[in-house]
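Since the structure comes first, as structure tokens, the remarks are kept for the end.
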Amino acid sequence: MPPRIPNAPSSLLLQSSACGGSSSRCTASRLPTWASSSLPQPSSQPSTHQQQCSSFSTTAPAHAQSTRRQKMFTWLDKKGSQFKEHTRQGPNLLGGQDKDGHAIPFPANQYFKSQPVLSEGSREIIYQDVMEKGLPIKAVSAMYNVDVRRVAAVLRLKEIEKRWIKEYKPLARPYARAVMKMLPQTVLGGPDQQPHESINDVYVHSYTTQQLFVPVSESRDFTREDAAKAFGDHILPVDKKLRVPELIEFQKDLLNEVPLQEANKKFLKATAASEAMIAEREAKRRQAVEDAITRVKTNRFEFRFQEFNAENVGHDGRDRNAVGWRYGVPFHDRKRSQIKIPTKVE
């Protein structure tokens, strides 16, 4: 707000108005009589220059609120009062819910849906099925429609929680209950259980987005494996990209009128064998890494030596397995005249 000055005396205003106008009026007394008669006579109305000179306001400040501020407090007192405190189970958002029951946090963006989280009881059910009943992780994922990675994360967090309970470490139970009360939840194990998420989303490789014309004879069966090889030898078919590929054989058994109980047993056996093979492969990899390291223990330190091939630097000299990759290898992301987009398909 501009500063305010007290009302000036009328004599000062008259003097400023007499000499603050055009320069011809102030110098009229110095000119001859015949020249002064041709000058414009002073008018009773203030000139444009006089109106622009008064840059200070002498009006009192307005203490009333603006229209937008009044509307804001009106909304907070009426419709917005229900969002001040969370008093119910489940989300209480501005956008409400759509016809499918999904929560919409932003009213202006109807396409953004708040995704549900697993309830505390659901996570306990997953932990008991895997750790106590001995079911494979893939089988539990297919049973409850929960992604394999989420099932593994639930198991790791539950292990930490139970270890903290044994060690008498404090848990943030009140905070967890308050947060879970405001989020949409998926309850597993009930009669009206809903799928939590999609478990077999296929990753689209960038090589498969191009269009190819492959000549194939009419007598040949062109399968999905042949289509994957047409895009590249390292491209896997869709059947091998799935998180739970054993579900394909399970659905085939059901279509071939195999009894449900027998199909379930076959599915559990296949998932258990798959997880055992993955665990064995991971154990061999860790053992190979451990065998390649020579350890020399002293009183204070443990020195670890490992053989490296200095020529194994990759086609661009920046292979992640090369010597010195972790110690200051510069990147050219911010350098000028550097091509940062692929120029060919390898």
(request) Identify the two heavy atoms, one from Gln97 and one from Ala103, that lie closest to each other, and give their separation to 0.1 Å. (result) CG-CA, 4.2 Å
(message) I'd like to check Asn264 versus Phe250 (side-chain heavy atoms, cut-off strictly below 4.5 Å). Are they in contact?
(response) yes
(message) Is the shortest side-chain heavy-atom distance between Met180 and Arg177 below 4.5 Å?
(response) no
(message) Side-chain heavy atoms nearer than 4.5 Å, only ILVMFWY residues, links allowed to pass through others: does that put Val130 and Leu247 together?
(response) yes
(request) Output every pair passing ring pair (Phe, Tyr, Trp, His ring centres under 6.0 Å) with a member in residues 112-171, not counting sequence neighbours, ordered by first then second residue. (result) Phe106-Phe112
(message) Can you confirm whether the side chains of Ser122 and Ser119 place a donor and an acceptor under 3.5 Å from each other?
(response) yes
(message) Membership question, hydrophobic clusters at under 4.5 Å side-chain separation (ILVMFWY): are Val202 and Ile199 in the same one?
(response) no
(request) Check whether the ring centres of Phe231 and Tyr207 lie less than 6.0 Å apart, and answer yes or no. (result) no
(request) Report yes if some heavy atom in the side chain of Lys138 is under 4.5 Å from a heavy atom in the side chain of Pro245; otherwise report no. (result) yes
(message) Counting C-beta onward and ignoring hydrogens, is there a side-chain heavy-atom pair between Val296 and Arg304 closer than 4.5 Å?
(response) no
(message) Check Lys266 with Glu249, please: is the shortest side-chain N to carboxylate O separation under 4.0 Å?
(response) no
(request) For the residue pair Thr74 and Asp77, confirm or rule out a side-chain donor-acceptor distance under 3.5 Å. (result) no
(message) Any non-hydrogen side-chain atom of Gln185 less than 4.5 Å from a side-chain atom of Leu118?
(response) no
(request) Would you mind checking if Arg285 and Glu290 are paired as a salt bridge, meaning a charged N to carboxylate O distance below 4.0 Å? (result) no
(request) Look at the side chain of Asp226 and the backbone N and O of Phe222, then say whether any donor-acceptor pair between them is shorter than 3.5 Å. (result) no
(request) Give a yes or no on whether the backbone of Lys133 and the side-chain of Gln128 come within a donor-acceptor separation of less than 3.5 Å. (result) no
